[in-house]
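Worksheet: one structure, shown below.
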Amino acid sequence: MAININWGILGAGNISSQFVHDLCLSNEKGDNEVKHIVRSIGTSSKTKGQAFIDSNCIKSNNNEGIIPDLQTYDEFFTNDQIDVVYVGTPHPLHKHQVIQALENNKHVLCEKPFTINSADANEIIQLAKKKNRFLMEAVWTRFFPSITLLKKYIFEDKLLGKINRLFVDFAYDADIENLPVTSRLRDIKLGGGSLLDIGIYSITYARILLDDKVGIQATEFDTKSFLTLDPIDKVDYTSSILMKYVDGKQGILTCSNYTDGQEPFLRLEGSKGTLEMWATNPARPKKFRITFKDSSDPIEYEDNSAFNGFIHEADAVARNIILGKLENDTMPLSETLLVMKIMDTVRAENGLEYPEDKS
Ligand SMILES: NC(=O)C1=CN([C@@H]2O[C@H](COP(=O)(O)OP(=O)(O)OC[C@H]3O[C@@H](n4cnc5c(N)ncnc54)[C@H](OP(=O)(O)O)[C@@H]3O)[C@@H](O)[C@H]2O)C=CC1
Ligand SMILES: O=C1OC[C@@H](O)[C@H](O)[C@H]1O
């Protein structure tokens, strides 16, 4: 079945570029039943928006004959050719922009973290229900083929046996000291710090690999945590979370903006074997190896496709919308709330408050 889906891309920045790259590549290859059409770029600067179109090679021949509109944010939300808005702006803007999109009857795929706290997340989830629109947090990691395969190996085939521990470290040297204080990584008003930006992935891996359930069906767990707050910026650049599930298995989940992490960035230990994962960007699970205690042949997997990996979530969103679904089974809104609540708890334990927490 051919599916056409019309995207509006909000914010002509880094992640929107990477997302749009995959949509255009998919159209160019021509072997996807889903045609992703970029209808509009919502941007604060049309010059920047034009550069975005040029540098990402959005052309009529890879965009179903369409040259996207360049629109101000206000024009963008009332564009009636847009089916679904992709929100690719800094974290604190997400809430208001998701509300604007929903109020204009658009479906929404919103970048992680969905909002700054779970109360705000809940507010927009309720609005999406009221407006009868699809809404999802863009946790692209969950949609990679490697993750589907790993869940089968771990939970159905039980290749690793009984799972005992998971170590995940998302760390890269962001050269914080030399970034302008207005950078979204540093500025508390732009949701700066590591937990909401990259710690969310360490938590996501724990949710994927330590629990075969998702959202409201999740297995019970407990957490303890440490954040180190920068005395000047007042946000965290180092975060450590311990997670313990009711059956005793533990997650040791860390992240840092101060240092490049070691490879493999992830190790899952079971009674029969060990899973390790490698990635230049741990959000993209493109390579893993499972080794066995009984010396049977290891299982190795590597995804060498030219896609960044956003195509998997984009296809899932398009299919859900065409079917009239309001949320996605792989990344339901209750899972967003669950992860947001973990981050609320970690922040409360460590005194990290954003302006949004006070409103
Ligand atoms: N899924 C993933 O792997 C990744 C997700 N992200 C998420 O995407 C979001 C955006 O991150 P990223 O693309 O790196 O950020 P960028 O700063 O590169 O881009 C954000 C864009 O948002 C727009 N914007 C609107 N208001 C502001 C403002 N006050 N300050 C800065 N930008 C503004 C700008 O677009 P314009 O000028 O066109 O209006 C800007 O280019 C974050 O929430 C982040 O967590 C980020 C990286 C990877
Ligand atoms: O989501 C993300 O993944 C990759 C990181 O480099 C980036 O800061 C973050 O937003």
Side-chain angles (χ1 to χ4, degrees), residues 8-22 40-53 55-56 68-77 85-98 100 109-116 120-121 136-144 170-176 179-205 235 237 255-257 260-261 265 279-286 307-314 331 339-340 343 354-356:
I9 306 294
L10 193 59
N14 156 45
I15 198 59
S16 296
S17 290
Q18 296 185 44
F19 183 78
V20 159
H21 165 275
D22 274 14
S40 175
I41 314 295
T43 176
S44 56
S45 149
K46 292 196 179 175
T47 312
K48 184 174 166 190
Q50 187 57 54
F52 178 91
I53 290 181
S55 65
N56 290 302
D69 297 334
L70 285 175
Q71 300 190 287
T72 64
Y73 282 34
D74 285 343
E75 289 165 349
F76 174 91
F77 286 115
V85 169
Y86 171 79
V87 178
T89 56
H91 327 334
L93 306 183
H94 294 176
K95 179 185 174 189
H96 181 59
Q97 291 171 342
V98 171
Q100 282 179 290
L109 173 65
C110 176
E111 262 309 330
K112 44 57 60 181
F114 204 47
T115 48
I116 295 293
D120 286 352
M136 189 180 106
E137 183 184 16
V139 183
W140 62 314
T141 307
R142 277 191 174 268
F143 292 84
F144 278 73
F170 194 139
Y172 73 101
D173 187 349
D175 197 13
I176 293 292
L179 287 179
V181 288
T182 52
S183 146
R184 79 162 181 86
L185 295 187
R186 287 189 71 173
D187 188 350
I188 197 163
K189 296 192 291 307
L190 287 179
S194 66
L195 175 70
L196 294 183
D197 196 45
I198 51 177
I200 190 171
Y201 289 109
S202 302
I203 298 169
T204 294
Y205 276 109
V235 297
Y237 298 121
C255 73
S256 175
N257 287 125
D260 289 326
F265 72 92
T280 43
N281 170 0
R284 302 168 77 197
K286 284 198 158 204
F307 288 109
N308 291 322
F310 295 94
I311 193 62
H312 309 301
E313 67 172 357
M331 187 59 208
V339 172
M340 289 300 320
M343 297 194 295
Y354 290 99
E356 288 72 16

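As the structure is a prediction and not an experimental result, all values here were calculated from the model. Counting starts at 1 for both ligands and their atoms, in listed order.
Annotation for ligand 2: atoms under 4.0 Å from non-hydrogen atoms of Tyr201 are 1 (O), 2 (C), 3 (O). When each atom of ligand 1 is checked for a heavy atom of Gly13 under 4.0 Å away, the hits are 18 (O), 19 (O), 41 (O). The contact set between ligand 2 and Asp197, taken as ligand atoms under 4.0 Å from a residue heavy atom, comprises 1 (O), 7 (C), 8 (O), 9 (C), 10 (O). The ligand atoms of ligand 1 that sit less than 4.0 angstrom from a heavy atom of Thr89 are 9 (C), 10 (C), 22 (O), 23 (C), 42 (C), 43 (O). Against a heavy-atom cut-off of under 4.0 Å, Asp197 is close to the following atoms of ligand 1: 45 (O). Set against the non-hydrogen atoms of Lys112, the atoms of ligand 2 under 4.0 Å away are 1 (O), 2 (C), 9 (C), 10 (O). Heavy-atom proximity to Tyr172, at under 4.0 Å, picks out these atoms of ligand 2: 6 (O), 8 (O). Residue His94 approaches ligand 1 through these ligand atoms, each under 4.0 Å from one of its heavy atoms: 43 (O). Which parts of ligand 1 touch Ala12 is read off a 4.0 Å heavy-atom cut-off, strictly below it: atoms 35 (O), 36 (P), 38 (O), 41 (O). Which parts of ligand 1 touch Leu93 is read off a 4.0 Å heavy-atom cut-off, strictly below it: atoms 25 (C), 26 (N), 27 (C). Interface of Tyr73 with ligand 1, defined as ligand atoms under 4.0 Å from a residue heavy atom, comprises 23 (C), 24 (N), 25 (C), 35 (O), 36 (P), 39 (O). With ligand atoms numbered from 1 in the order given, ligand 1 contributes 45 (O) to contacts under 4.0 Å with heavy atoms of Pro113.
Taking only nitrogen or oxygen atoms, main chain and side chain alike, Ser16 does not reach within less than 3.5 Å of ligand 1. In terms of polar-atom proximity, His91 is counted as a contact of ligand 1, with an N or O under 3.5 Å from an N or O of the ligand. For ligand 1, the polar-atom distance check against Ala283 finds no nitrogen or oxygen pair separated by under 3.5 Å. For ligand 1, the polar-atom distance check finds no N/O of Ala138 at less than 3.5 Å from any of the ligand's N/O atoms.
Classification of the Trp140-Phe310 ring pair by plane angle, with boundaries at 30° and 60°, yields parallel.
Summarising the contacts of atom 31 (C) of ligand 1 with Cys110, Pro90, Gly309, Gly42, the nearest heavy atom is found in Pro90. In this comparison of Glu111, Gln18, Lys112, Glu313, the heavy atom closest to atom 44 (C) of ligand 1 sits on Lys112. Looking at Gly11, Ser44, Gly88 and measuring to atom 20 (C) of ligand 1, the nearest heavy atom belongs to Gly88. Closest heavy-atom approach to atom 40 (C) of ligand 1 among the candidates Lys46, Lys48, Lys189: Lys48. Which of Arg184, Arg284, Gln97 comes nearest to atom 17 (O) of ligand 1 through a heavy atom is settled by distance: it is Arg184.
Residues satisfying the side-chain contact (heavy atoms from CB on, under 4.5 Å) criterion with Pro285, sequence neighbours excluded, are Thr141, Phe144, Ser146, Ile147, Tyr205, Met277.
With a 4.0 Å heavy-atom cut-off, ligand 1 is reached by the side chain of Tyr201 but not by its N, CA, C or O. Contact annotation for Ile41 and ligand 1: no heavy atom of the residue comes within less than 4.0 Å of the ligand. With a 4.0 Å heavy-atom cut-off, ligand 1 is reached by no atom of Asn281. With a 4.0 Å heavy-atom cut-off, ligand 1 is reached by no atom of Phe52. Counting heavy atoms under 4.0 Å from ligand 2, residue Gln18 does not touch it at all.
Between the Tyr354 side chain and the Gly192 main chain, a donor and an acceptor come within less than 3.5 Å of each other. When atom types are taken as modelled, the side chain of Ser55 and the backbone of Ala51 share a donor-acceptor pair closer than 3.5 angstrom. Judged by distance alone, with hydrogens and angles left aside, the side-chain atoms of Arg186 form a donor-acceptor pair with the main-chain N or O of Leu179 at under 3.5 Å. Side chain of Ser16 to main chain of Gly11: a donor-acceptor pair is present (N/O by atom type, distance under 3.5 Å, no hydrogens or angles). Checked by atom type and distance alone, the side chain of Asp22 pairs as donor or acceptor with a backbone atom of Asn308 at under 3.5 Å.
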Decide side-chain hydrogen bond (donor to acceptor under 3.5 Å, both in side chains) for Gln97 and Tyr73; before the verdict, give the C-alpha distance in whole Å, the side-chain angles of both, and the deciding distance to 0.1 Å. CA-CA 9 Å; Gln97 291 171 342; Tyr73 282 34; 4.8 Å; no
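Ligand 2 is approached by Arg184 to a heavy-atom distance shorter than 4.0 Å. Not a single heavy atom of Ser17 sits less than 4.0 Å from an atom of ligand 1.
Applying the salt bridge (Lys or Arg N to Asp or Glu O under 4.0 Å) test to every pair with at least one member in residues 44-53, sequence neighbours left out, gives these pairs: Lys46-Glu75.
In this structure, the protein non-hydrogen atom closest to atom 14 (O) of ligand 1 is Asn14 ND2, 2.9 Å. Among protein heavy atoms, atom 38 (O) of ligand 1 sits closest to Thr43 OG1, 2.6 Å. For atom 29 (N) of ligand 1, the closest non-hydrogen atom of the protein is Leu190 CD2, 3.9 Å. Nearest non-hydrogen protein atom to atom 5 (C) of ligand 2 is Ile198 CG2, 4.0 Å. The protein heavy-atom contact nearest to atom 8 (O) of ligand 1 is Ile15 CG2, 3.2 Å.
Considering every non-hydrogen atom in both Ile116 and Gly191, the closest pair reads CD1-CA, 4.1 Å. Between Met343 and Ile200, the closest heavy-atom pair is CE-CD1, 3.8 Å. Nearest heavy atoms, Asn56 versus Val20: CB-CG1, 4.1 Å. The two residues Ala12 and Gly49 come nearest to each other via the heavy atoms CB-CA, 4.4 Å. Among all heavy-atom pairs drawn from Cys255 and Ser202, the shortest one is CB-OG, 4.4 Å. The two atoms that bring His94 and Lys112 nearest to each other are CE1-O, 3.9 Å, heavy atoms only.
Between Phe52 and Thr43 the shortest side-chain heavy-atom distance does not fall below 4.5 Å. For the pair Met331 and Val139, the minimum side-chain heavy-atom distance is below 4.5 Å. Looking at Glu137 and Val339, their side chains never come closer than 4.5 Å, going by heavy atoms from C-beta outward.
Between the CD atom of Glu313 and the CZ atom of Phe19 there is a distance of 5.5 Å, given to the nearest 0.5 Å.
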